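Here the structure is a predicted model, which is why all the values come from computation and not from measurement. Computation of the quantities below employed the complete heavy-atom set of this structure, encompassing side-chain atoms and omitting hydrogens, waters and symmetry-equivalent molecules. Along the sequence shown, the residues carry numbers beginning at 1.
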Amino acid sequence: MEYRIEHDSMGEVRVPADKYWAAQTERSRNNFKIGAGIETMPSEIINAFGILKKAAAVTNNRLKPEKMTNEKLAVISQACDEIIRGELNEHFPLVVWQTGSGTQSNMNANEVIANRGNELAGNQLLHPNDDINMSQSSNDTFPTAMSIAAVIGIEDRVIPSVNALIKTFKRLEKENEGIVKSGRTHLQDATPIKFSQEISGWRASLEKDKALLEAAVSPLKELALGGTAVGTGLNAPQGFDKMVADAVSEITGKCFITAENKFHALTSKDEIVFAHGAIKALAADLMKIANDVRWLASGPRLGLGEIKIPENEPGSSIMPGKVNPTQCEAVTMVAVQVMGNDAAIGFAASQGNFELNVFMPVIIYNFMQSVRLISEAMISFNNNCVSGITANKEKMNSNLHNSLMLVTALNPYIGYENAAKTAKYAYQNNISLREACTALGFLTEERFDEVFHPEEMA
């Protein structure tokens, strides 16, 4: 491998010749070999750095044109656009487990943009600190990158995936209208319910989760950029914070604003904790829905067997013909991971000391993993399982009429205690409710048939 010599305030460093990063990135790469090549800074953060560095250059060009010249802005913008498109990801090698402020990833971005910009300009036009980091500090850029990545992740990945699943459940509601089945509480037989009503519960849960996500994303749109080192805005020109937020908005097409209190924005991570709480709420509902689906599909002969789900792959290496609810299992595993991520994010967010939180890389690493996993899990669950759910009407009807909890319909005619005696007598003697009720003398056969209509109980 060929190398070149780069330098920083601590001296010279040997850097791979084919990479755009420079001395500070290389120092981090050598000093933090923790999860190297695997647990690297999320690509969404790299993308966000491209956005915020371009926005900062645009704003500096307006406020300090003598320093951020049109020539500099042009090549910085081009380099940032390449980062935003994901074309320079190989030049961002740093791991999550680095400085807790994300300083080294900020410098990674500064160095890559400077070196790529100089290559485009054909001369040493740009300096990573003086030009790319102008009016900024790692302490306000990294939390800003977190906010941008989180907003894009929720609005462009999570919510569309939720919407697709909601749409499928709405279709299933219409297709299964009128089918009555046994309800269940405490994993025990309960009074009847329409299958469409059961599906509507799943759909409504997701709609509530979507509303929570939309509420949670709004505070994330307040950017720390402009607070610089400790929130005072030192070395940033007057109005930089508001103008740079407008520039980020223009680049992303999303409405970002500057944080009213930069001292809060740099040290507190309450907004991202709140937003991940909404993702966790979605995970909890997905866990419930996936469990319902696999319980209802259990069997096919010895379980509930009330629905059929797509058979996607063999389920056993020893039992021929076995098919398992694998999509449900994937969703529930993702839900568990999201819940674990939520605990890590909460602990990390509690560790702000004075003017800075130094657990930011692990916060955004877990947050973006949750975004990716839950979005992709919902797409997979929707496409490979939910969209193919069909009702086993015969089994639903058999279970419905075999349920002892249908006795609830007799309460108005024979009273709660006599209804309870009827259910217990039927269960103990393995006979129908009709046979038990008439044997106990509570109703005649004719009267029983007149008042007992399970399908109307839903």
Asker: Nearest heavy-atom pair of A349 and N357: which atoms, and what distance?
Answerer: O-ND2, 3.6 Å

Asker: Walk me through it: do V293 and V331 pass the test side-chain contact (heavy atoms from CB on, under 4.5 Å)?
Answerer: CA-CA 11 Å; V293 169; V331 169; over 6 Å; no

Asker: In a table with atom names and distances, give each donor-acceptor pair under 3.5 Å that connects a side chain of residues 314-325 to protein atoms at least two apart or in another chain.
Answerer:
| from | atom 1 | to | atom 2 | distance (Å) |
| --- | --- | --- | --- | --- |
| S316 | OG | I318 | N | 3.0 |
| S316 | OG | M319 | N | 2.8 |
| K322 | NZ | N324 | OD1 | 2.6 |
| N324 | ND2 | G315 | O | 2.8 |

Asker: Within the supplied structure, the quantity of interest is the number of heavy atoms (other residues, nucleotides, ligands) at a distance under 6.0 Å from E329 CD; does it exceed 12?
Answerer: yes

Asker: Under 3.5 Å, is there a donor on one side chain and an acceptor on the other for E222 and S147?
Answerer: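 Absent: no donor and acceptor within the cut-off.
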
Asker: With sequence neighbours excluded, tell me which residues meet salt bridge (Lys or Arg N to Asp or Glu O under 4.0 Å) with K210.
Answerer: none

Asker: Please list, chain by chain and in numerical order, all residues satisfying side-chain contact (heavy atoms from CB on, under 4.5 Å) with M396, sequence neighbours excluded.
Answerer: I179, K181, F195, E306, I307, A391

Asker: Looking only at non-hydrogen atoms, find the nearest pair between M339 and A284 and report the distance.
Answerer: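 Heavy-atom minimum between the residues: CE-CA, 3.8 Å.
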
Asker: So does N366 get a backbone contact from the side chain of N341, meaning a donor-acceptor N/O pair under 3.5 Å?
Answerer: yes

Asker: For E455, is the CD atom crowded, meaning more than 12 foreign heavy atoms sit under 6.0 Å from it?
Answerer: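 Check passes, neighbour count above 12.
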
Asker: Salt bridge or not between R116 and E119? Use side-chain N to carboxylate O under 4.0 Å.
Answerer: yes

Asker: Give the intermediate values and the outcome of side-chain contact (heavy atoms from CB on, under 4.5 Å) for residues M146 and L220.
Answerer: CA-CA 9 Å; M146 291 170 67; L220 288 173; over 6 Å; no

Asker: Search all heavy atoms of S182 against all heavy atoms of A190 and return the closest pair with its distance.
Answerer: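 Closest heavy-atom pair between S182 and A190: OG-O, 3.5 Å.
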
Asker: Are a donor atom and an acceptor atom from the side chains of R27 and N30 found within less than 3.5 Å of each other?
Answerer: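 There is no such pair between these side chains.
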
Asker: Mark yes or no for whether S161, through its side chain, and R157, through its backbone, hold a donor-acceptor pair below 3.5 Å.
Answerer: yes

Asker: The criterion is side-chain hydrogen bond (donor to acceptor under 3.5 Å, both in side chains); which residues satisfy it with T252, sequence neighbours excluded?
Answerer: none

Asker: Determine, step by step, whether E271 and H264 satisfy the side-chain contact (heavy atoms from CB on, under 4.5 Å) criterion, reporting the C-alpha distance in whole Å, the side-chain angles of both residues, the deciding distance to 0.1 Å, and the verdict.
Answerer: CA-CA 11 Å; E271 297 95 343; H264 167 268; 2.9 Å; yes

Asker: Can you list the residues that meet the salt bridge (Lys or Arg N to Asp or Glu O under 4.0 Å) rule with D342, with sequence neighbours excluded?
Answerer: K280

Asker: Could you check whether N384 and N312, counting side-chain N and O atoms only, form a donor-acceptor pair closer than 3.5 Å?
Answerer: no

Asker: Is the backbone of A164 close enough, under 3.5 Å, to the side chain of T168 for a donor and an acceptor to pair up by distance?
Answerer: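 Yes, T168 side chain to A164 backbone: donor-acceptor pair under 3.5 Å.
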
Asker: Please name all residues satisfying side-chain contact (heavy atoms from CB on, under 4.5 Å) with T40, sequence neighbours left out, ordered by chain then number.
Answerer: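 T40 satisfies side-chain contact (heavy atoms from CB on, under 4.5 Å) with no residue once adjacent residues are dropped.
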
Asker: Applying side-chain contact (heavy atoms from CB on, under 4.5 Å), can you list everything that pairs with P16, at least two apart in sequence or on another chain?
Answerer: M1, Y3, D18, K19, W21, E26, R29

Asker: Inspect the contact between K262 and D140 and indicate whether a charged nitrogen and a carboxylate oxygen are less than 4.0 angstrom apart.
Answerer: no

Asker: Could you walk me through whether N133 and Q136 pass the side-chain contact (heavy atoms from CB on, under 4.5 Å) check?
Answerer: CA-CA 5 Å; N133 203 57; Q136 305 152 62; 3.8 Å; yes

Asker: What do you reckon, is NZ of K308 surrounded by more than 12 foreign heavy atoms closer than 6.0 Å?
Answerer: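 Not more than 12 within 6.0 Å, no.
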
Asker: Assess, by modelled atom type and distance only, whether the side chains of N176 and K393 contain a donor and an acceptor separated by less than 3.5 Å.
Answerer: no

Asker: Who passes side-chain hydrogen bond (donor to acceptor under 3.5 Å, both in side chains) against T332, sequence neighbours left out?
Answerer: none

Asker: Between the side chain of N108 and the main-chain N/O of Q104, is any donor-acceptor distance below 3.5 Å?
Answerer: no

Asker: Report the C-alpha separation of E376 and R372 in whole Å, then their side-chain angles, then the decisive distance to 0.1 Å, and conclude whether the salt bridge (Lys or Arg N to Asp or Glu O under 4.0 Å) test is met.
Answerer: CA-CA 6 Å; E376 292 170 5; R372 288 192 301 270; 5.8 Å; no

Asker: Quick one: which residue pairs count as a ring pair (Phe, Tyr, Trp, His ring centres under 6.0 Å) with a foot in residues 156-193, not counting sequence neighbours?
Answerer: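 Applying ring pair (Phe, Tyr, Trp, His ring centres under 6.0 Å) to every pair that reaches into residues 156-193, excluding sequence neighbours, yields F169-W202.
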
Asker: Which residues pass the salt bridge (Lys or Arg N to Asp or Glu O under 4.0 Å) test with D246, sequence neighbours left out?
Answerer: none

Asker: Can you tell me if E260 has over 12 outside heavy atoms packed within less than 6.0 Å of its CD?
Answerer: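 For E260, atom CD is not crowded (no more than 12 foreign heavy atoms under 6.0 Å).
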
Asker: Taking atom types as modelled and ignoring hydrogens, do the side chains of K53 and N110 form a donor-acceptor contact shorter than 3.5 angstrom?
Answerer: yes

Asker: Main chain of K174, side chain of E177: is a donor-acceptor contact present, judged purely on distance under 3.5 Å?
Answerer: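 Here the side-chain-to-backbone pair does not exist.
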
Asker: Mind checking what makes ring pair (Phe, Tyr, Trp, His ring centres under 6.0 Å) contact with Y20, not counting sequence neighbours?
Answerer: H91

Asker: For L286 and I374, work out which heavy atoms get closest and say how close.
Answerer: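 Between these two residues, the closest heavy atoms are CD1-CG1, 3.7 Å.
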
Asker: Using every non-hydrogen atom in the two residues, find where A22 and E111 come nearest and quote the distance to one decimal.
Answerer: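 What the structure gives for the nearest pair is N-OE1, 2.8 Å.
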
Asker: Nearest heavy-atom pair of T228 and S135: which atoms, and what distance?
Answerer: CG2-O, 3.6 Å

Asker: Is the backbone N or O of G201 less than 3.5 Å from a side-chain atom of S205, with the two atoms forming a donor-acceptor pair by type?
Answerer: yes

Asker: Go through the structure and list residues passing side-chain contact (heavy atoms from CB on, under 4.5 Å) with N411, not counting sequence neighbours.
Answerer: T408, Y416, A419

Asker: Would you say that more than 12 heavy atoms from the other residues, nucleotides or ligands in this model lie under 6.0 Å from the CH2 of W295, or not?
Answerer: no

